[in-house]
Amino acid sequence: MKFQDIVGQEQITGHLQNAIRMGKVSHAYIIQGEAGSGKKLLADTFATTLQCEEGGIEPCGHCQSCKQAVSGNHPDIRRVTHEKASISVDDIRLQLNNDILVKPYSRPYKVYIIDEAEKMTEQAQNAMLKTIEEPPEYAVILLLTVNAKLLLPTILSRCVLLNVRPVARGQITKLLTERHGIAGF
């Protein structure tokens, strides 16, 4: 997937592409939006683009790094996982804080994607805070959430907040008709 294929989020994709173009990628982003709004797609596309061997503002889709990212096997794109109803302090310490000190394996960035970031306990958020305050230069942390207000104010103040908006029905209709030949809904 490329940024140009993401419908209805032109402001966000433009912001992310401009950050890459200008060499001003932030160390931490909060991508906020409703469930199913495309937060993961935006995060995955951004992470893939950052790791692409061609170094442009779109992932090429054919280099080794892009192939690894798309298959979910890129060594420098990490997804913080959890097995309980919440993301615990141990999840953050083991999967983020302890791992982030290891330099990237093959590309210039090491990207961490934390889906359902609102499920982090207060202790987990506090454990992540020092990492967000003093990140290694190669680190990019993407917090995906349905409600950024559930994150600590200190985390909010240190991240770039990107709000994913619902896509207009007309844009969806146009996409389905033009790209996929689906009509009559």
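Residue T48 comes nearest to P59 through the heavy atom pair CG2-CB, 3.6 Å, listed as atom of the first residue, atom of the second, then distance. Shown here for C52 and C63, the closest heavy-atom pair between the two residues is SG-SG, 4.0 Å. Considering all non-hydrogen atoms of both residues, Y109 and P104 come closest at O-CB, 3.7 Å.
Residues I30 and L156 are in side-chain contact: their nearest non-hydrogen atoms beyond the backbone lie under 4.5 Å apart. Residues T121 and I87 fail the side-chain proximity criterion, which asks for heavy atoms closer than 4.5 Å. T145 places none of its side-chain heavy atoms less than 4.5 Å from the side chain of I114. Side-chain contact between V80 and I113: absent, with no pair of heavy atoms (C-beta onward) separated by less than 4.5 Å. Side-chain contact between V140 and H27 is absent, with no heavy atoms from C-beta onward closer than 4.5 Å.
In summary, the side chains of H74 and S65 do present a donor paired with an acceptor at a separation below 3.5 Å, with no hydrogens or angles considered. Side-chain contact annotation: E54 with H62, donor-acceptor N/O pair under 3.5 Å present. Between the side chains of Q95 and T81, at least one donor-acceptor pair of N or O atoms lies under 3.5 Å. Checked by atom type, the side-chain pair N163/Q32 shows a donor-acceptor distance below 3.5 Å.
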- Report the C-alpha distance between L129 and R158 in whole Å, list the side-chain angles of each, state the deciding distance to 0.1 Å, and finish with yes or no for side-chain contact (heavy atoms from CB on, under 4.5 Å). CA-CA 9 Å; L129 191 55; R158 288 163 176 81; 4.1 Å; yes
message = Let's go through F46 and V25 carefully: what are the C-alpha distance in whole Å and the side-chain angles of both, what is the deciding distance for side-chain contact (heavy atoms from CB on, under 4.5 Å) to 0.1 Å, and is it a yes or a no?
response = CA-CA 10 Å; F46 185 47; V25 174; 3.9 Å; yes
Review point. Going through the checks in order, is the salt bridge (charged side-chain N to carboxylate O under 4.0 Å, His left out) test met by D44 and R79?
Key: CA-CA 10 Å; D44 288 343; R79 286 169 177 75; 2.7 Å; yes
Worksheet item: Stepwise, does the side-chain contact (heavy atoms from CB on, under 4.5 Å) test hold for R107 with E53?
Response: CA-CA 8 Å; R107 302 301 307 144; E53 294 169 22; 3.9 Å; yes
Exercise. Kindly determine whether Q68 and Q51 satisfy side chain to side chain donor-acceptor pair (under 3.5 Å), including the steps that lead there.
Key: CA-CA 10 Å; Q68 286 177 315; Q51 304 299 32; over 6 Å; no
inquiry  = For a side-chain contact (heavy atoms from CB on, under 4.5 Å) check, start with the C-alpha distance between Q125 and I92, then their side-chain angles and the critical distance, and finish with the verdict.
reply    = CA-CA 8 Å; Q125 291 181 56; I92 294 300; over 6 Å; no
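Between atom OG1 of residue T131 and atom CG of residue N97 there is a gap of 3.5 Å, rounded to the nearest 0.5 Å. Separation of atoms CG (L162) and CG (L16) is listed at 5.5 Å; rounding is to 0.5 Å. Rounding to the nearest 0.5 Å places SG of C159 at 8.0 Å from CG of L151. Residue L144 holds its CG atom at 9.5 Å from CD of E116, rounded to the nearest 0.5 Å. Considering NZ of K119 and CG of N147, their distance stands at 13.0 Å, rounded to 0.5 Å. Taking CG from L150 and CD from E118, the interatomic distance works out to 6.5 Å, rounded to the nearest 0.5 Å.
The backbone N or O of Y29 sits nowhere less than 3.5 Å from a side-chain atom of S26 that would complete a donor-acceptor pair. The backbone N or O of Y105 sits less than 3.5 Å from a side-chain atom of D76, completing a donor-acceptor pair. The backbone N or O of G8 sits less than 3.5 Å from a side-chain atom of E10, completing a donor-acceptor pair. Between the side chain of E58 and the backbone N or O of F3 there is at least one donor-acceptor pair closer than 3.5 Å. Formation of a donor-acceptor pair under 3.5 Å by the H82 side chain with backbone atoms of S88 is not found in this model. When atom types are taken as modelled, the side chain of N126 and the backbone of Q123 share no donor-acceptor pair closer than 3.5 angstrom.
I141 and I77 fall into different hydrophobic clusters, defined by Ile, Leu, Val, Met, Phe, Trp and Tyr side-chain heavy atoms under 4.5 Å apart, directly or through other members. No continuous path of hydrophobic side-chain contacts links L152 to I31 [ILVMFWY only; heavy atoms under 4.5 Å]. Note on M1 and V164: same hydrophobic cluster, where clusters join Ile, Leu, Val, Met, Phe, Trp and Tyr whose side-chain heavy atoms are under 4.5 Å apart, directly or indirectly. Put simply, V111 and L41 are part of the same group of oily side chains (I, L, V, M, F, W, Y) that touch within less than 4.5 Å, one to the next. Put simply, L161 and I12 are part of two different groups of oily side chains (I, L, V, M, F, W, Y) that touch within less than 4.5 Å, one to the next.
Pairs of residues two or more places apart, or lying in two chains, never qualify as salt bridge (Lys or Arg N to Asp or Glu O under 4.0 Å) while including a residue from residues 19-39.
Considering L50, I100, L101, V102 in turn, V102 is the only one that fulfils the side-chain contact (heavy atoms from CB on, under 4.5 Å) rule with K110.
Ion pairing of D99 with R78 is present here, as a side-chain N (NZ or NE/NH1/NH2) and a carboxylate O approach within less than 4.0 Å. The residues K130 and E133 are annotated as not salt-bridged, no charged nitrogen and carboxylate oxygen being separated by less than 4.0 angstrom. Contact check on D90 versus K84 returns no salt bridge, with no Lys/Arg side-chain nitrogen under 4.0 Å from an Asp/Glu carboxylate oxygen.
Around atom NZ of K103, no more than 12 heavy atoms belonging to other residues, nucleotides or ligands sit under 6.0 Å away.
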